[in-house]
Amino acid sequence: MMNITFPDGVQREYQEGTTSMEIAKSISEGLARNILAAEVNGEVWDLSRPLTGDAKVKFLKWDDDGGKSTFWHSSAHLMAEAVESMFPGVKFWVGPPIDKGFYYDMDLGDRSISESDLEKIEQKMRELAKQNNVYTRKEIAKKDAIDYFTKKGDEYKLDLLENLEDGNITFYTQGNFTDLCRGPHIPSTGAIKAIKLTSVAGAYWKGDEKNKMLTRIYGVTFPTQKELDEYLVMLEEAKKRDHRKLGKELGIFTIDEEVGPGLPLWMPNGTIIIEELEKLAKESELEAGYKRVVTPHIGKEQLYLTSGHLPYYKDSMYPAMELDGTRYYLKAMNCPHHHKIFAAEQRSYKELPLRLAEYGTCYRYEQSGELFGLMRVRCLHMNDAHIYCTRDQFAQEFKAVNDLYLKYFKIFGIEKYVMRLSLHDPAKLGEKYINEPELWLETEAMVRQVMIDAEIPFVEVKGEGAFYGPKIDVQIWSAIGREFTLATNQVDFAQGRRFNLTFTNQNNEPETPLIIHRAPLGTHERFIGFLLEHYAGNFPLWLAPVQVKILPVSDKTLEYAQNVLKNLKKSDIRAEIDERSEKIGRKIRDAEMMKIPYMIIVGEKEAAEDTLSVRRHGVGDKGSFKTNEFIDSLLTEIREKA
RNA sequence: GCCAGUGUAGCUCAGUUGGCCAGAGCAGCUGAUUUGUAAUCAGCUGGUCGGGGGUUCGAAUCCCUCCACUGGCUCCA
């Protein structure tokens, strides 16, 4: 007998070799119907797999992450079966579950799948799901597995097998499809009731662009049609938040083909937001002891050779222009220019930390396929600053930058983000990263310690560091789920030496400063793109391009409206009058569509009483106010950035 | 850059298997209307069908090529 412990602490005895499905059935038939997999001693197992000894068992339903991923993993196999039946000879690479659904990579030879094929594959999947085929697990010797795939001529699975240990290899079969797979899977295909293949895309084998491009099909499945429908509605809702759509509708920015891809033009409404953000940044940075500088948009080749950028990032820079025999580059980063400001004067330890800030304009030649609205562009305005400090000052300075982030995130109500400690990859030293193994480990430890001391949760990711040092990146997601770095806080142990930057220390010796590169508000482009989606276009009052729209009921009250406008402008409130000879309902509708925070309606009643009828966007009629009273409440709301 | 797709008026979209001057709604303009909390009415303007080349008696529709965009991959200081 074996002893099974459930999550609530209850223990029960079962015959050895009992499967988790049988255990579930012994508890209740209802439970057995709703479970997809079981967590056995922390590992997700098939329900049909026999348990061999005492264990902790937790049943996984659709609502558990482990349940969903098992469901989607099995769905990937179902899709593979459908594809194989329609495209005989197709070879499969890997088909994992992902955040929302699953994909499978495959080599179709000289055939290709277009989006119109997806529906046919879906249809086939539905057919196969209805057969309710059982997913069967089979342990297999490595030799036999190699034989199987050698006969099949499948070099991809053979490649996978190379890295697997004998005795640890399993095959899964459902219907006519057998795959090398570590599992686990749901009991049978019948549970998959709703299927949507979302897109087909190319993906390099093993993610390396030197390798062959495989075909990747993305899909998502659900246990009920209702859940799929809800998911599709959610996708539609997300599209309405897309900053590319909102940016156009609200007159924030435009991208013109003739100006160039990835080169946004900021329209008047967008420019107001830019100016408000810069005001916030300048005030905060002044308070935090930064000094402002301004630097040119270009620099000589030698500058970027000295900094070390050219060998690492030349491909991402616009090609050089040659003038009088000298090559100049458009700057892709501000740091070399700032370093030259540090170098321009003799520096004493008494000046440190020296914090140089600039909203710098940079140009990066991003690959054409990577451009994405405002989130990935070729011209960007960075909330940049470089902090030159001693080693002793580092922790405090780095933490102060983190505090600045958190202050901003609070203002903007940004809650969904992940702080990522981006580390170097030792395998790429000298190639992608400056070849200073000890300095890497040392600075990485310094940053880690600051984060731990500040009790800020973070994840560590190898291979995401800057070429000159580790960094903390703040990761966010666009409305359609793409991940971006919103803000960054980086250590630089390399450029100080490369530029020969020194200060005189207390012992009257020259010493190289550590440098922190930071951009808490990222770039205007990405930050405003993010804010558009974050607020769904409903900007808080202090950021709203038009804060108040005055709507006269008829021409008769136009004069009174103009008076009100004058008063609002006196208080620096951004207001406009809708002077069209439209009905009030129409004026309200248009102002609502433009997501203007406050509408004030002035008719003969208001003109006679010297009042305003106030309407709040998305809320409705707020009643009658005296002009001064209303302006005061606006000013408070603006000041508090509510 | 790579794979797959898309490109018709400022916007959202129709345009049957290639066939009469390429359509609609919204927006814009002009006029009428003077209006009370999410669309007043009428008339009008507006498109070298992404650019170029080709096939054809004839191309928005078929082919080639370039550009841009979309979804991914690679990349992301």
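Just so it is clear: chains get the letters A, B, ... in the order the sequence lines come, proteins before strands, and each one is counted from 1. Everything numeric in this text was worked out from a predicted model, so none of it was measured. Heavy atoms only: backbone and side chains are in, while hydrogens, waters and symmetry mates are out.
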On the nucleotide B/U40, are OP1 or OP2 found under 4.0 Å from the side-chain N or O atoms that A/Arg586 carries?
yes
On the nucleotide B/U35, are OP1 or OP2 found under 4.0 Å from the side-chain N or O atoms that A/Lys556 carries?
yes
Rounding to an integer number of Å, can you tell me how far A/Lys587 NZ sits from B/U40 C1'?
13 Å
When pairs are called at under 3.5 Å and a stem needs at least three consecutive Watson-Crick or G-U pairs, the stems of RNA chain B are B:1-7 with B:67-73, B:10-13 with B:23-26, B:28-32 with B:40-44, B:50-54 with B:62-66
Nearest listed nucleotide, side chain of A/Lys248, among B/A38, B/A27, B/C11:
B/C11
Are OP1 or OP2 of B/G1 and a side-chain N or O of A/Ser368 less than 4.0 angstrom apart?
yes
Expressed as a whole number of Å, how far does the C1' atom of B/C26 sit from that of B/A4?
33 Å
Would you say B/C69 has OP1 or OP2 under 4.0 Å from some side-chain N or O of A/Arg244?
no
Kindly indicate, with the supporting measurements, whether the criterion side-chain contact (heavy atoms from CB on, under 4.5 Å) is fulfilled by A/Leu356 and A/Tyr388.
CA-CA 8 Å; A/Leu356 302 179; A/Tyr388 303 84; 3.9 Å; yes
Between A/Arg482 and B/G71, does any side-chain N or O lie under 4.0 Å from OP1 or OP2?
yes
In this structure, how many angstroms lie between the P atom of B/U40 and the CG atom of A/Asp578, rounded?
12 Å
Scan A/Gly585 against the nucleic acid and name what it touches under 4.0 Å (heavy atoms): base, sugar-phosphate only, or nothing.
sugar-phosphate
Residue-level proximity of residues 199-208 of chain A to RNA chain B when a heavy atom falls under 4.0 Å:
A/Ser199, A/Val200, A/Ala201, A/Gly202, A/Ala203, A/Tyr204, A/Gly207
When the P atoms of B/G58 and B/G19 are compared, how many Å lie between them, rounded to an integer?
14 Å
